[in-house]
Amino acid sequence: MENIGALAILLAFCLAIYSVIASLVGAWKKKPFLIASGERAVIAVFGLIVVATGILLYALVTSDFRYAYVAAHSNRDMPFYYKISSWWGGQEGSLLLWNFILICYALVVVLQNKKKHRAMMPYVVATLMATQVFFLTLNTFPASPFQMLAQGKNIVEVQDGNGLNPLLQYWTMLIHPPILYLGYVGFVVPFAFALGSLITRQPGDQWIFTTRRWALVTWFFQSTGVILGAGWAYAVLGWGGYWGWDPVENVSFLPWLTSTAFLHSVMMQEKKGMMKVWNMVLVASTFFLCIFGTFMTRSGIVASVHAFASSSIGTYFLVFLTLGIAFTIYMILGRLDYLKSETELESVVSRESSFLFNNLILLASCFAILWGTLFPVISEAVTGEKVTVDAPWFNRVNIPIGLFLLFLTGVGPLLAWRRASSEGLRRNFQWPFLGMLVLMAGLVAAGVHHVYALMTFGLCFFVAWTIAQEFYKGGAAIARKESMNLVRGMVELTHRNTRRYGGYLVHMGIVLMFIGFAGSAFNKDTTVEVEQGKSFHLGRYEMKVLSVNNGQTDNYVWQNAIVDVTVDGKPYATLDPERRIYSQSQQPVGAVKIHRRLNEDLYLNFAAISSEAQKPIIQAYVFPLVSWIWIGYWVLLLGTAVALVPSKMKMSYARTEVVGMAGKHEKVAK
Amino acid sequence: MMMAGLCLAQTGDMVPPEVRRVGDRLACLCGSCNNTVATCSMVGCHYTAPARARLSAMSKAGVSDEAIVDDFVKREGKKALAAPTAEGFGLAAWLATPVMALAGLGFIGWFIRRSRRPVVTASPDLGEADVAKYQQAAERELSRFDE
């Protein structure tokens, strides 16, 4: 039994190699049976990986401590659900999760395209399975989750395991890694279709239409993964931050930026037949940044609180990245003639150019984050001296970029395709712009002098107005025509072009998130050592520690402080921040208590008991507007869901060209 | 307005102002966070706690902010700073992004110039003789359909 998992992985590895070879040879020699065999190998690999995963999960749930992985990442008293989440709590298991998700995606692609894209499919399967081979290599050789604990030649079992890292014993960690992986791994599918399209010189933009939903769904998973990570950091780490510019956080954000750029620029290709090379570059960049992110997390190249223990697998990643990038560049350069634009830009002030600027800004942000993350390593290599690049640098570089992006979020969608007229610009923007100026003036008068916060609030207002205006105008027109009320008109409008109006909702979600980010300019905090029965203040809150209590569960011992909060002498809340010491790891972890409100969160962390006076040390924070980040996410989720619903009216984007006043006597002025 | 009200509704206790001011330029080098000496929240952090105490003492003794930062750099090296200095190779940290963004802007400019369609204008300089000639030709062609 104990060898079956390792055997399943080894067989899956061999079959994945076979699938790549069969698909490529089948396409080359035009042998349909080989192509079909390559696809069936995908199904077999799926079965084998499911077996391996099942065995690991069974070992985790039954606390089979003969497995080194189970002993290292779980213990007997952990709740059932955390035993399941131990699957991705360590290096080997999380790589198996990667393999599991990848083969599920590959299976769906094979089943969905049994009768479609037959020329492209062998290359799509080969790309998917080549990636699978790489990850199965890691699970087969340097990072097997099925290594047994042994003494001499005998398999042994330890009494209890080390347990999962206490910081990971939180509900979002049950879903954050799988969801992030769904996003990371998912981008292999658009990449595989893009590569298949390049290799076979597919006419038109079939790969774009085929993978549009894949790209949107995986982008949604990436967004959800990133926001869940932020939510976890906020609620678990005890310092109230949701983003610390940690290298691992940063690299998880990079593919999101490029995939966002891709989702925008792909519209140029769909509607205008433009930016074909660029879209290839973006889809490939997103895929390789996903791999790069995994490499950074696991290679130990940069220090991070989130990184797995450094190991030798970094070299494997470097080889895969180098070969993959080199091949992709070779393919793109070799197919430049096939990737020529079908139409041309007509005006600098147009929707098309707004996409170009949007891409520039997203990629500038991507570059800045990557540069800041790698700069300590580069600087040490060049100058021999270590430097630090912490949050202040990232904030200083990225806030202006973020603000410009926010501005484009408002402007871009309202610019006309091809050419925006000055009358159209005035009509669309004059009131939102004036409203923004009035709001900013009002905020200054009210005492808000933080420049970036002011600009953010102003721009959020501007963008929100432009979006609302779009819904209102379209909804009102339909309501008039169809004799219905405005709300139904707006719903009808959205249903007629779900992608466009779903996109607007996503933009609205981003606006709400920016409001939350801007609130951080007004954070307050205090750390106090306070006796039972004594009070302390933070802003308008008066907090009194009523008692300190102790207790124990199977998994940890705990101590909490009951804190009574009043505002202006009136009862407001009673919070009980807790500290836990996990029995296996003996690691102390805080379980913060947050009183969430739309205007601000009151956040209490029971940080420690002072060693001399034995008094509780409480860290209290006030985080204005932070809830809007999470609300923004739900709006983003709604927008993505709407965008995935098929439109009521099929939009066809004929790539027509206005040929001007053509005639025998035209003169062409360049 | 409401936002301003919400944000300004509190005034409160903070990390001592000198720690907030100077500490934000100094990295916490504990190895388990990416915060600054001003923002590190780990109670009893083996790096930040003594760093804050030293920083406060120096500030209270009248040492300037710059001199305090220099003192940290002298002890720990440049890694004591939360962000690279804008000199030497550190300048590259600050300039690379704007340079890349400008290069991208230049590329977009080039792309737009290259791919903009030629402007097509109709020629207004037809003389009456030309018009008459073409009219005759058109009538001739049309008369063939009548036959």
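Predicted, not measured: the structure shown is a model, and the values here were computed from it. Per chain, numbering begins at 1; letters A, B, ... match sequence-line order.
Across all non-hydrogen atoms, the minimal contact from A:Glu385 to B:Lys78 is OE2-N, 3.4 Å. In plain terms, the two heavy atoms of A:Leu356 and B:Phe111 that are nearest each other are CD1-CD2, 3.8 Å.
Among the residues in residues 83-107 of chain B, those with a non-hydrogen atom closer than 4.5 angstrom to a non-hydrogen atom of chain A are B:Ala83, B:Pro84, B:Phe89, B:Gly90, B:Ala92, B:Ala93, B:Trp94, B:Ala96, B:Thr97, B:Met100, B:Ala101, B:Gly104, B:Leu105. Residues of residues 54-75 of chain B placed with any heavy atom under 4.5 Å of a heavy atom in chain A are absent; none qualify.
Interface remark: A:Phe357 contributes backbone and side-chain atoms alike to the contact with chain B (heavy atom separation under 4.5 Å). Looking at A:Ile401, the atoms closer than 4.5 Å to chain B (heavy atoms on both sides) all sit in the side chain, from C-beta outward. Residue contact with chain B, scored on non-hydrogen atoms closer than 4.5 Å, involves the backbone and the side chain of A:Val389 alike. Contacts between A:Thr383 and chain B at a heavy-atom distance below 4.5 Å involve the side chain alone, from C-beta outward. Heavy atoms of A:Val387 lying under 4.5 Å from chain B belong to its backbone as well as its side chain.
Remark: B:Lys79 engages no residue in a salt bridge (charged side-chain N to carboxylate O under 4.0 Å, His left out) (not counting sequence neighbours). A:Phe606 is linked by a ring-ring contact (aromatic ring centres under 6.0 Å, His included) to nothing, counting only residues two or more places apart in sequence or in another chain.
One distance of note links CG of B:Leu81 with CH2 of A:Trp393; it measures 15.0 Å at 0.5 Å rounding.
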**OP:** Report the C-alpha distance between B:Leu29 and A:Thr388 in whole Å, list the side-chain angles of each, state the deciding distance to 0.1 Å, and finish with yes or no for side-chain contact (heavy atoms from CB on, under 4.5 Å).
**Re:** CA-CA 9 Å; B:Leu29 298 176; A:Thr388 309; 4.0 Å; yes

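Side chain of A:Gln619 to main chain of B:Ser41: a donor-acceptor pair is present (N/O by atom type, distance under 3.5 Å, no hydrogens or angles).
Salt-bridge check for B:Arg25 with A:Asp390: failed, with every basic side-chain N at 4.0 Å or more from each acidic carboxylate O.
Residue with the most contacts toward chain B among A:Ala620, A:Pro392, A:Ala607: A:Pro392 (heavy-atom pairs, distance under 4.5 Å).
In this structure, the side chains of B:Asn34 and A:Pro247 come closer than 4.5 Å at one or more pairs of heavy atoms.
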